[in-house]
Structure formats: structure tokens, C-alpha cells
Asker: 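I am attaching a structure below and will ask some questions about it afterwards.
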Amino acid sequence: MHAGHEQMFRRRFFVSTALSIPVLLYSETMQDWLGFTVPAFTGSELIVPVFSVIVFLYGGLPFLRMAVPEIREWSPGMMTLISMAITVAFVYSMATILVGWGEPFFWELVTLVDIMLLGHWIEMRSVRRASSALDELAKLMPDTAERIREDGDTEEVPANELSEGDLVLVRPGASVPADGVVEEGDSDVNEAMVTGESKPVSKDPGDEVIGGTVNGDGSLRVRIDATGEETTLAGIMRLVEEAQSSESKTQVLADRAAGWLFYVAVAAAAVTAVAWTVATTFDAGVIARVVTVLVIACPHALGLAIPLVVAINTSLAARNGMLVRDRIAMEESRNLDAIIFDKTGTLTEGEHGVVGMVTVEGVYEDEALALAAAVEGDSEHMIARAIRQAADERGIDAPAAEGFEAMKGRGVRATVDGDEIYVGGPNLLDHLDSEVPRTLQSFAAEAGENAQTVVYLVRDGDLIAAVAMADVIREESYRVVEALHNLDIEVAMLTGDSTDVAHAVAEELGIDTVFAEVLPEDKDKKVQELQDQGKFVGMVGDGVNDAPALTRADVGIAIGSGTDVAVQSADVILVQNNPMDVVRLVKLSKASYRKMQENIVWAAGYNVFAIPLAAGVLAPIGILLSPAIGALLMSLSTVIVAINAQLLRRTDLSVASLPDVTGSRETQAA
């Protein structure tokens, strides 16, 4: 809708502006003010009225149409005020030609229409939002599935034709077509797009799998137990849709000001008509006074007060790594008093890293890490990537490995310099029947208490090292929590991880509220919990399961590197994947709203002086505001509003300008 309105206002603005140029050139008022003349020719006297009529009908028609609902609902706003202004200017100007009442307002009519079209074009461009969250969710489901027949052969069928009880084959790398239970096979399934957690989940017979998740290296046979609207993904889609429909309608501040100004202008015009009729008599002069009052209330400046600030706000946000998709949410970010962060991929890196290591006596850490990196050189498993990255960070060159073999569910093995090297978890030790030295036992126990994954290094049957793996807290997370506290904003964390892990991260970062072990379909309920406490809540996330919570929140903020559906469900996207931009968002929102208030106060407030002058309250002392001077005052107010909006560009959003925070800290394990 907004995209269509944007093109419509853009097209009508350029056409109307082009038609307005002859009107301004042949306007006697403009010629007198600027001291120029244009050539006259037969019919040139018709240029001003004819072109003005075209501009009124073509450029003003959208405002007249949009004013109808406001009038019908007895809720006058910007459209009603604009329609009244251009209609009065048009009717009065035509009457001056037909009846000879006085000076026409044609030039004022066309400039008013042009400025209003420009303002609404800018506004529509700023608020355009192509919300395709549900489409992005639907794309996760595969189109087809391999159903296993009774004779054991497979047949390819559309995924939407699957029924409860069907047995399907999920090949390595394929998406699970529907919710079900594994009957045969074992594999690691990537559930990040649904759970938001980066670590693949091991699936064995009896384990449940979720439709839309991606199978790993193994082959699975899955018995379908939910299809269509009953699947987990469909439930998430319903939550997104419900959350979108539950958003309350926000009244734009400029519309409220326009509504007030409408009543003020009409009342002032009525008082002017009665007062001048009683004081003199009803004649063309009285009509001129009434029209001047109504026209001087035209919202030239008011029509640009908000769109100009929004346009500059959007530009500033983009330059500082924030893509604004919903201007109302951007404006209301200033009111946030609680922000919920999804842990994985937002406060943490979202990828496992080496956070600790211990070796047996006589073996150096670099030596052990080099052996582990050599064995893991051909593996794409997340643990293998973490080990290789740790070796790279230490500048360790891994030796060549031969005979690489993946041991399903246990680990990997290879030959390095003639030694047989194994890397794997506890299952590997059971398989090799290896004895764990006491020092490594203590290390593994401590890592387990911190919910860290431990992998072991075995050389020729001897256990020589243990490595602890964990998701890593972002360096920026410390600073963003402290900065938000300095802004008096409560910080909450939401995660599907265990309570122990969640509270460890919260204690490390100084987070106020923790929601742990939260199921994907329950994340938006945690947002609702804070909202029910009367808090204005923001949500920061990056996964598909965050989509309902992002939409349910008063302000949804997506990490730009997150999934498409999270981005499409959010109001603001942090393009640079930096949670510190949340603080910039709040600061920019406060600065922008302040400019909006200043512009509205000026745009509507100047009428406090201009309308009484137009009505003639100072006529007894010889001061009477002419229609031309009234039009000039309106033009000046527009210029002032534009200049004030440009001052928003001076807002400093650099890190140094943010609330006082301490410097960076050493990276910690989550």
C-alpha cells in the first residue's frame, strides 16, 4: 500500500510542480514582489486560472478523497485541513474572477498543493514497508518429500500431501518436510532457523524432529505426526500473524495537531465573519477576511514538519547501521524502558569457540592443538572449525594428516606423523576404553558445570588433552548493557539454553531479567509478560523463532546477519550486526522526536499569532494582515521548519557520545 501511495504522490508532485511554474510566472502578486514581467499574448490571462484548476483537480484530488473518511468519522485531521485550505483557496480564487471580489489565491493554491504532495511523497517513502515475514517462514518448508511405500521403495510427493503416520526418508542436507519422530538412523539436525541455537542437535531413533529444519550428514527415516497447520512452523507463523494484527493503531502527532488546528481555524473564521459583519457590513471585504483566516491556517509547515524529520532520521539511521522499516516504532523507541535480547547470535557470537584447554604432563597446549587441528582439517563440523580457528589465532601450523575418518557419534580419527590421533567427546572415550587422568576429570567436571562442551584428544590410545568449547559473549555486549542501564532501560535476556548457562551469562553481563529454557513458540509470551507489567518493550533477535516476539514487541529490532524472517518481522534492522546500535537507536529516536515536537510547535504555533492578525484584531490601530502577507508568513514558517529539521543532522551518534560505558573486556565464554 505504501509503495503504491509513494509512486502516486511522486508522480502527482512532479506533474503539479511543472504545471505550477506558469502559474507563478504569470501571477501578478509574484511579479510585483520579485519585480519581473513575462510576455503577454492572446489567451495568456487564462494561464493562471486554467493551470490552477488542473493542479487542484489532479494534485489535490488525493487529499480530498482521503479527507472523506475523516469527515465521515467526525475525526478531522491533516487531510481535512489540507482539503479545506485548497478548496477555500480554489473557490475564492474562482469567485474573484467571476464576481470580482478581490485578489485571487491561485499562486497560493498551487504551491500549497505542491508542498503537500512533496511532504506526503517523503512520508510514504519513509514508511514504506514490505512486510513478508510469513512468506519467509513458508519458504523454510520443502515443496516435496520422499515417502516410503510399504514395499520399501520411495516416491516423491508434494509435501502438502503428507498425512499423519506416513514414513518419509530425509536424506543428508535435505529439509525435514513435517514434524515427526525418528524411527531409523542418526544424524545432527540444524535447528537454528527455528530454535535460534547454532549447535546442531543430535537425533536418534525416538527423537522428535521439526518440519523445516535441515538434516546433517546422516540419513533419517521419520514417522510424520503433524502436518499442515499442526506443525511447529505453522504455529510460529500463526503467532507472527496474530502479533501483527494485535499492534494498536498509533495516531500520528501531526494529525492530532492538524485536527486541533482545523477546529481553531473554523472557529476563528466564524468569529471573524460575525465580528466584521457586525462592525461593518457583509461584503467582499468580510469574505476576504474569512478566506485569509482559513488559508493562513493551511498546513504548509505542518505538512512537512514530520516527513522532513523522518527522512533525515532515516538517513542518519542508515549511516549508523540501522535500517528503519517502521517509522512509528522508530519514533517510539525513545519510550523503551525494557529491552529483551535473544542470547545466541545477539549477545553472543552464535558460533562455538575454544574457551579452555588442559593437557597431561609432558604435552604442551600448542602441540596438542596442532594435532587436533590436523585431524579436524577435513571436517566442516562446528567443533572442527572452532579448533582450527583457535590454532590460527595462536599462529600454529597444523601438520599433515592422512587417513581421515569420521566416526559417527564419536568423533574423528587420522594419522599424523605416524601416530593415530582421535578427537571426540565422551562417546569416543567409551569406544576406545580410555582412562581419563584426574587433571582432565576435574577440567571436564568444571566445564560441565558451566554447560560447556568438552572434546578429548587421544594419541595412540593415550588421552593427552581436553578442550572446552562454548559460545562466546560479544565484546560489545558488556558495553551495550551498561549503556542501556545508564539510559534507565531494563535489560532482559531470553534463551532456550539451560538455566545455569543463562544465569552465568546474565551475571557476567549484569543483565536484570533472565528467561531461560524458553521454547520457540513461547518466546513472544515472555515479551507479553513484560508488557503486562506496563513496560514498553523492545525485542532484539536474529532467529526464525524470534519472529513472533519481534512482532509482538512494541519495537522489534533484528540483527542484520540473522535470518530473513527475523529481518522481515522487525521494525528496525541492525545492518552492521552490532548490538551497540540499539543504544544509538534510542538516542536518535529521542533527538528526532524532539525535532518533531519543535517543528509542530512552530508549524501550528505560529497560527496563534497569524490567525488573529488575519482576522483583523489589530485593525483598530491600523494593522490589517493582507492575504498576500499571510501567504508570505506561511512560506516563512515552512522555511523555518525545514531549517530546523536539517539541524537534526548534527546529532552525534558516535560511540564517544553514547552514555558513559567502560572500555572493552576480555572475551568470555557464554
Side-chain angles (χ1 to χ4, degrees), residues 5 7-34 36-68 70-71 78-121 262 265-266 269 284 287-300 302-304 614 626-628 630-632 634-635 638:
H5 282 179
Q7 296 303 317
M8 182 269 291
F9 280 118
R10 179 180 181 273
R11 181 175 60 254
R12 292 182 185 252
F13 166 72
F14 282 117
V15 173
S16 298
T17 300
L19 295 174
S20 299
I21 294 175
V23 175
L24 297 176
L25 292 176
Y26 281 88
S27 170
E28 294 182 1
T29 301
M30 295 300 294
Q31 292 179 24
D32 291 341
W33 281 358
L34 302 179
F36 70 91
T37 58
V38 291
F41 54 86
T42 302
S44 61
E45 69 277 2
L46 297 178
I47 289 179
V48 172
V50 170
F51 279 54
S52 297
V53 169
I54 297 174
V55 171
F56 173 74
L57 295 178
Y58 180 73
L61 186 61
F63 303 112
L64 298 175
R65 287 176 175 171
M66 288 187 286
V68 173
E70 293 182 357
I71 296 173
M78 180 70 77
M79 296 302 108
T80 305
L81 187 55
I82 294 173
S83 298
M84 180 186 69
I86 63 177
T87 301
V88 168
F90 173 73
V91 172
Y92 176 77
S93 298
M94 293 300 295
T96 60
I97 294 178
L98 301 176
V99 184
W101 276 349
E103 182 182 1
F105 280 173
F106 283 124
W107 77 270
E108 172 59 26
L109 167 65
V110 296
T111 54
L112 174 59
V113 171
D114 294 342
I115 290 178
M116 290 301 101
L117 288 172
L118 173 62
H120 283 78
W121 171 28
F262 170 81
V266 171
I287 295 176
R289 294 268 63 77
V290 172
V291 171
T292 302
V293 169
L294 293 175
V295 173
I296 205 169
C298 296
H300 278 79
L302 190 58
L304 288 177
S626 69
L632 179 61
M634 280 187 293
S635 299
T638 303

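Atom set for the values below is all heavy atoms of this structure, side chains included, hydrogens, waters and symmetry mates excluded.
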Asker: Working to the nearest 0.5 angstrom, can you tell me the gap between Arg10 CZ and Leu117 CG?
Answerer: 13.0 Å

Asker: Hey, could you give me the CD1/CZ distance between Ile97 and Phe106, rounded to the nearest 0.5 Å?
Answerer: 3.5 Å

Asker: Can I get a per-line list of side-chain donor-acceptor pairs under 3.5 Å for residues 36-57, giving both atom names and the distance, sequence neighbours left out?
Answerer:
unit_1	atom_1	unit_2	atom_2	d
Ser44	OG	Phe41	N	3.2
Ser44	OG	Phe41	O	2.8
Ser52	OG	Val48	O	2.6

Asker: When rounded to the nearest 0.5 angstrom, what distance separates CD in Gln31 from CH2 in Trp107?
Answerer: 13.5 Å

Asker: Let me confirm one number: the OH-CZ distance from Tyr58 to Arg11, rounded to the nearest 0.5 Å.
Answerer: 5.0 Å

Asker: Is the backbone N or O of Asp114 less than 3.5 Å from a side-chain atom of Ser16, with the two atoms forming a donor-acceptor pair by type?
Answerer: no

Asker: Nearest 0.5 Å, what's the OG-CZ distance between Ser20 and Phe13?
Answerer: 9.0 Å

Asker: Can you sort out the partners of Thr87 under side-chain hydrogen bond (donor to acceptor under 3.5 Å, both in side chains), two or more places apart, ordered by chain and number?
Answerer: none

Asker: Using side chain to side chain contact (heavy atoms under 4.5 Å, CB included) as the criterion, list what pairs up with Arg65, not counting sequence neighbours.
Answerer: Leu61

Asker: Phe14: which residues meet the ring-ring contact (aromatic ring centres under 6.0 Å, His included) condition with it, sequence neighbours left out?
Answerer: Trp121

Asker: Measure the spacing between CG of Leu109 and OG of Ser27 and express it to the nearest 0.5 Å.
Answerer: 11.5 Å

